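Below: the structure, in structure tokens.
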Amino acid sequence: MRLALTSGTPGGHPKPTFLVLDHGGHPIAFGKLGASALRRSAARREAEALSHFASINDWAGMAPGLMFAGEVDGTYVTMQTPLRGSTGPAELSASHRRFLDLLARKERRPIGASAFVRALDGRALALQEVRPDATHAMAVLRPLLDGISASPVIVHGDFAPWNLRQRDGRIAAFDWEWWSIDGPPLIDLLHHVLQVGFLLRRWTVERAYAEVRAIAGTRPHGLEPEDVFVLSGLGVVDYLLRIVEDGYSDRSPLAVAYGELLARILALLPTNAPLLPR
């Protein structure tokens, strides 16, 4: 067999990963190394996600299979089966929507009580000196979230073409390091739209803002436009914090764009929160 190695995307915290290949160059398995506290935590979360998917027959093939998870010489290691197919398309399709619909539960309940929102509260508080706009946003969004009732979903957390595979008209996803078993709808869909827009199509903030408003106008999941703006703000806060958590500069063009988009979304909402510190 052969090994291919990568340390992850340049600029962020190292994400050591290796690919096991057969002699024909075909992937046999992916391995991830929890070489730091951050990467160990991410690897454990992903192992939890893949174990959960393996327990439900209807979700077969939607995520990699977990071959191994545990300590090897003091390093937490996961081994996963590869997903077959081609890279996911940039355009959101019916296949994407079917994938996301399968991750939704049937009952409806207040979004503010979800594990995703509770975790986001803690993350924003931990990084309030670096991203005070995220802390301010949660103060605006929190009371509004408690008034939104929707079907909770499993959130992938980084739902974008480079983490997806397409085969036989079906979408599958890998890199479940930022998953949440209990989150709001629309987070993944909006993440896909905005990541493709900013990174592949070089959208301006104005263009991204117009797209968020267009999505809100369709009333997805039966949500009112204002509710869609609230959930959009939540998704942008999530990604702004992750930029910092993953070791990237909070002054990068992408971070600046998301920060400006968050401000525009918040301006659409009623608020009794204190003004953002200057």
Side-chain angles (χ1 to χ4, degrees), residues 91-121 123-124 133-160 179-198 203-241 257-276:
E91 289 290 341
L92 273 174
S93 66
S95 297
H96 290 88
R97 296 179 186 278
R98 281 195 298 270
F99 177 94
L100 295 174
D101 286 345
L102 284 172
L103 302 183
R105 300 196 189 106
K106 300 300 182 185
E107 78 276 10
R108 296 175 70 90
R109 55 186 174 82
I111 290 299
S114 69
F116 180 93
V117 173
R118 294 197 304 271
L120 201 56
D121 275 333
R123 292 166 59 200
D133 53 346
T135 311
H136 171 74
M138 291 307 295
V140 174
L141 297 171
R142 215 38 180 104
L144 300 174
L145 287 166
D146 291 334
I148 300 175
S149 181
S151 300
V153 304
I154 289 177
V155 176
H156 178 276
D158 198 3
F159 193 71
W179 90 304
S180 175
I181 196 171
D182 176 33
L186 294 184
I187 299 297
D188 281 335
L189 183 147
L190 286 162
H191 183 81
H192 191 286
V193 168
L194 294 175
Q195 286 290 85
V196 167
F198 281 134
W203 280 358
T204 62
V205 173
E206 186 63 38
R207 176 69 180 81
Y209 176 66
E211 190 66 25
V212 171
R213 298 197 66 160
I215 292 172
T218 68
R219 289 178 164 77
H221 299 277
L223 295 166
E224 293 298 320
E226 182 179 286
D227 295 341
V228 176
F229 297 144
V230 172
L231 297 182
S232 300
L234 202 65
V236 174
V237 169
D238 172 50
Y239 195 68
L240 270 175
L241 295 176
Y258 271 107
E260 292 179 4
L261 178 61
L262 178 61
R264 290 190 177 220
I265 292 171
L266 295 182
L268 294 167
L269 303 173
T271 176
N272 294 315
L275 293 175
L276 179 64

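This structure is a prediction, so every number in the text was calculated from the model and none was measured.
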To the nearest 0.5 Å, atom CG of L269 lies from atom CD1 of I265 at 8.5 Å
Rounding to 0.5 Å, atoms CD1 (I111) and OG (S151) come to a distance of 8.0 Å
Less than 4.5 Å apart, any side-chain heavy atom of [X] and any of [Y]?
{"X": "S232", "Y": "L186", "result": "no"}
{"X": "L194", "Y": "L261", "result": "yes"}
{"X": "V236", "Y": "L190", "result": "no"}

N/O donor-acceptor pair under 3.5 Å between [X] side chain and [Y] backbone:
{"X": "S180", "Y": "V155", "answer": "no"}
{"X": "D133", "Y": "A263", "answer": "no"}
{"X": "H192", "Y": "L189", "answer": "no"}

Practice problem: List the steps, then state whether side chain to side chain contact (heavy atoms under 4.5 Å, CB included) holds for F99 with D188. | Solution: CA-CA 11 Å; F99 177 94; D188 281 335; 6.0 Å; no
Sequence-distant partners of [X], side-chain contact (heavy atoms from CB on, under 4.5 Å), two or more places apart:
{"X": "R109", "answer": "R105, E107, P152, D182"}
{"X": "R264", "answer": "V205, E206, Y209"}
{"X": "L120", "answer": "F116, R123, M138, L234, V237, D238, L241"}

| task | For D146, enumerate each residue passing the salt bridge (charged side-chain N to carboxylate O under 4.0 Å, His left out) test, keeping only those at least two apart in sequence or located in another chain. | result |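 Salt bridge (charged side-chain N to carboxylate O under 4.0 Å, His left out) list for D146, sorted by chain: R142.
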Sorted by chain and number, sequence neighbours left out, salt bridge (charged side-chain N to carboxylate O under 4.0 Å, His left out) with E211 holds for R207
Go through the structure and list residues passing side-chain hydrogen bond (donor to acceptor under 3.5 Å, both in side chains) with [X], not counting sequence neighbours.
{"X": "H221", "value": "none"}
{"X": "S95", "value": "R98"}
{"X": "D158", "value": "N163, H191"}
{"X": "Q195", "value": "Y239, Y258"}

Residues passing the ring pair (Phe, Tyr, Trp, His ring centres under 6.0 Å) test with H156, sequence neighbours excluded, are W176
Heavy-atom closest pair (V153 atom, P184 atom, distance to 0.1 Å) is CG2-O, 3.2 Å
What heavy-atom pair brings W203 and A208 nearest, and what distance separates the two atoms?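 Looking at all heavy atoms of both residues, the shortest contact is CE3-CA, 3.7 Å.
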I need the single residue from L145, L266, L262 that forms a side chain to side chain contact (heavy atoms under 4.5 Å, CB included) with V140. Which is it?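 Going through the options one by one, the only one that passes is L266.
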Output a table of donor-acceptor pairs, distance under 3.5 Å, between side-chain atoms of residues 223-231 and any protein atom two or more places apart or on a different chain; print 'none' if there are none.
none

